[in-house]
Amino acid sequence: EDKDYPIYCRKKGSHVAPEEILLDVNELAKNQKYTSIGSFSISPDHKLMAYSVDFTGGEKYTLKVFNLETKTFLVDQIDNIIGSIVWHEDQSGIFYTPTDEKWRHDKVLFHKLGTKNIDDKLIFHEKDPLYYVSVGKSSSKEYIFITASGHDSNETYFIKMTDPTLTLHLALPRKERIQYSIDHNGKFFYQYTNDGAKNFHILRTESNDYLATKPWSTYIAEKKDKY
C-alpha cells in the first residue's frame, strides 16, 4: 500500500528476522496539515529513539526521545532545533544545533537526558554570520566532530568521547578557499582536503596527542586529471 510518509523499521541480527516498526510517520501525520521529519537517530545501546519533527512548515523542529522498550516518551523535549541529532556513545545525552529567529544555526549544545533544557551545555558558538555549524560522529565512534562552514572554507573541532568535560580541540584552522573534512579510524585522523591539491587528496596523521600544528602525510595522492 502506498504511503505518503516513510516508516522507520529494523530487524535484529538478520535480514530474515521479524521486522520491528520504530516510527511510522504516517501515524504521526494523522490530523496534521503538515509533517516533516528532520533527523532520526537510535541510541548506541539500541534502546532509545530520538527524532525531530516539524508540524508547521516553519523548518524549526522539535526533538523527542522515545523509549523503545517501555514504548513511552521521555520527558526530554527540545524545540527549535535543526540539523543532526548525535548521541554520545555512553547514552548520557545528545548533541544538537538550535536555530534562532533568523534560522541561523551557529551553536552546538549538549543535552543530558533527564535534565532541564536551560541547563544544556554550550559546546560551540560560531560568531561569523557567514558560517553555519554542523555536528557529527567519527566512523570509529571515538570522536564528536563540530564543523563551521562558509562559502569556500571551513574549520573543524573534535571532542574525545571519553572526555567527561566535553572539551573542544581544534583540528585545523580555517583558511581562505581551503576546504577539508576529518574522520577517524584506528589510530589515525584522515583528512580530505584541497589544501595543496586542487582536485583534493587524503592525508592522515596519528590521533594520539594530536595538536593542530602536527604534520600530516599523504595517504592517497591527488589525481591531476580527476576530481
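Annotation: side chain of Tyr143 is not in contact with side chain of Ile182 (no heavy-atom distance under 4.5 Å). Looking at Lys47 and Leu68, their side chains never come closer than 4.5 Å, going by heavy atoms from C-beta outward. By the 4.5 Å heavy-atom criterion applied to side chains, Ser153 and Tyr131 are counted as neighbours. Between Lys121 and Lys112, every side-chain heavy-atom pair lies at or beyond the 4.5 Å cut-off. Contact annotation: the side chain of Met161 approaches that of His88 to within less than 4.5 Å [non-hydrogen atoms, C-beta and beyond]. With a 4.5 Å cut-off on side-chain heavy atoms, Ile144 and Ile123 do not count as touching. Residues Tyr180 and Asn154 form a side-chain contact, since some pair of their non-hydrogen atoms from C-beta on lies under 4.5 Å apart. Within the 4.5 Å cutoff, side-chain heavy atoms of Asn117 are placed close to those of His111.
Side-chain rings of Tyr219 and Phe188 stay apart, their centers remaining 6.0 Å or farther from each other.
A side-chain donor-acceptor contact under 3.5 Å links Glu126 to the backbone of Asp128. Side chain of Asp4 to main chain of Asn26: no donor-acceptor pair is present (N/O by atom type, distance under 3.5 Å, no hydrogens or angles). No donor-acceptor pair closer than 3.5 Å links the side chain of Ser149 to the backbone N or O of Tyr132. In this structure a side-chain-to-backbone donor-acceptor pair under 3.5 Å is missing from Ser84 to Val86. Between the side chain of His105 and the main chain of Lys107, no donor-acceptor pair closer than 3.5 Å is present.
Through side-chain heavy atoms spaced under 4.5 Å, either directly or across other Ile, Leu, Val, Met, Phe, Trp or Tyr residues, Leu48 is tied to Tyr61, Leu63, Val65, Leu74, Ile78, Ile81, Ile85, Trp87, Ile94, Tyr96, Leu109, Leu113, Leu122.
Surrounding NZ of Lys223 are at most 12 heavy atoms belonging to other residues, nucleotides or ligands under 6.0 Å away. When the shell of 6.0 Å around CD of Glu59 is examined, it contains 12 or fewer heavy atoms from other residues, nucleotides or ligands.
Residues that satisfy the side-chain contact (heavy atoms from CB on, under 4.5 Å) test with Ser139, not counting sequence neighbours, are Asp183. For Thr213, the side-chain contact (heavy atoms from CB on, under 4.5 Å) partners at least two apart in sequence or on another chain are Leu211. Evaluation of the side chain to side chain donor-acceptor pair (under 3.5 Å) rule for Asn80 yields no partner, not counting sequence neighbours. Residues passing the side-chain contact (heavy atoms from CB on, under 4.5 Å) test with Phe73 are Tyr51, Lys64, Phe66, sequence neighbours excluded.
Taking a cutoff of 4.0 Å between a charged side-chain nitrogen and a carboxylate oxygen, Glu89 and Lys137 qualify as a salt bridge.
Neither Ile202 nor Trp216 shares a network with the other; the hydrophobic side chains, linked directly or stepwise wherever heavy atoms of I, L, V, M, F, W or Y lie under 4.5 Å apart, form separate groups for each. In the hydrophobic clustering of ILVMFWY residues, with side-chain heavy atoms under 4.5 Å counting as a link, Tyr8 and Tyr5 come out together. Linking ILVMFWY side-chain heavy atoms closer than 4.5 Å, directly or via other members, places Phe145 and Ile159 in two distinct hydrophobic clusters.
Minimum interatomic distance between Ser43 and Asp45 (heavy atoms only, all atoms of both residues): OG-OD1, 2.6 Å. Contact between Val135 and Thr97 at its shortest, heavy atoms only, is CG1-CG2, 4.3 Å.
Taking NE2 from His46 and CZ from Arg10, the interatomic distance works out to 7.5 Å, rounded to the nearest 0.5 Å.
When Thr147, Ile146, Leu170, Leu172 are each tested for a side-chain contact (heavy atoms from CB on, under 4.5 Å) with Glu155, only one passes: Leu170.
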Which is it for Glu20 and Lys71 under the salt bridge (Lys or Arg N to Asp or Glu O under 4.0 Å) test, yes or no, and what are the steps along the way? CA-CA 13 Å; Glu20 176 189 3; Lys71 307 300 181 184; 3.7 Å; yes
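Side chains of Asp54 and Thr56: a donor-acceptor N/O pair is present below 3.5 angstrom, by distance only. With no hydrogens or angles considered, a side-chain donor-acceptor pair links Thr165 and Thr167 at under 3.5 Å.
Here side-chain hydrogen bond (donor to acceptor under 3.5 Å, both in side chains) pairs that include residues 185-203, with residues two or more places apart or in two chains, are Lys175-Asp195.
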